[in-house]
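See structure below.
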Amino acid sequence: MSMTHDMHYAPARRPALRSPLGLFAEALVVWQQRRALARLDDARLCDIGLSREDARREAARPVWDVPTDWRA
């Protein structure tokens with residue numbers, strides 16, 4: 001059997017449509033996490049490998065600006 005017969009290709013997945021309430025809940029969680037990050041002291045930031053400037057920059061991002069791998 002050739003190699004091409006052994007491979008199975010799945011069609012590209014479209015992102016699932018999310019409800020407005022779900023989008024709001026996701027945005028709220030991101031906002032809360034970024035606020036918590038902004039409140040960490042320098043020792044805690046060092047523990048997670050971030051500088052004060054890294055934390056400030058992340059906290060300043062809009063709630064819709066999240067890495068694609070965070071999205072469901």
Side-chain angles (χ1 to χ4, degrees):
M1 190 175 268
S2 73
M3 184 180 242
T4 56
H5 291 136
D6 293 338
M7 296 180 156
H8 298 282
Y9 295 100
R13 254 184 57 190
R14 286 185 177 175
L17 294 176
R18 295 178 300 212
S19 71
L21 184 58
L23 291 170
F24 176 77
E26 182 179 303
L28 181 61
V29 168
V30 170
W31 178 77
Q32 289 171 331
Q33 290 173 346
R34 288 183 174 156
R35 299 247 322 154
L37 180 65
R39 288 191 304 265
L40 292 177
D41 62 28
D42 290 337
R44 298 295 175 249
L45 289 171
C46 184
D47 286 346
I48 61 173
L50 295 176
S51 69
R52 171 68 44 208
E53 180 58 24
D54 293 334
R56 187 206 59 76
R57 192 172 27 254
E58 181 64 29
R61 291 171 63 181
V63 294
W64 59 84
D65 185 12
V66 297
T68 55
D69 59 334
W70 286 13
R71 297 181 181 131

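Position 1 is the first residue of the sequence, and the numbers go up from there. Computed from a predicted structure; not experimentally measured.
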Should side-chain heavy atoms under 4.5 Å link Ile, Leu, Val, Met, Phe, Trp and Tyr, which residues sit in the same cluster as [X]?
X	result
I48	L37, L40, L45, L50
V29	none
F24	none

Legend entry - Set of salt bridge (Lys or Arg N to Asp or Glu O under 4.0 Å) partners for D41, sequence neighbours left out: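 Here no residue qualifies.
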
Legend entry - Residues in salt bridge (Lys or Arg N to Asp or Glu O under 4.0 Å) contact with R44, at least two apart in sequence or another chain: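 For R44 the salt bridge (Lys or Arg N to Asp or Glu O under 4.0 Å) partners, ignoring immediate neighbours, are D47.
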
Legend entry - Qualifying residues under side chain to side chain donor-acceptor pair (under 3.5 Å), relative to D42, sequence neighbours excluded: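 Result, side chain to side chain donor-acceptor pair (under 3.5 Å) vs D42: R52.
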
Inset, instruction - Name all residues meeting the side chain to side chain donor-acceptor pair (under 3.5 Å) criterion together with R61; count only those two or more places apart in sequence or in a different chain, and write none if there are none. - result: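 Result, side chain to side chain donor-acceptor pair (under 3.5 Å) vs R61: E58, D65.
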
Legend entry - E26 CD to S19 OG distance, which is reported to the nearest 0.5 Å: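 That separation rounds to 10.5 Å.
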
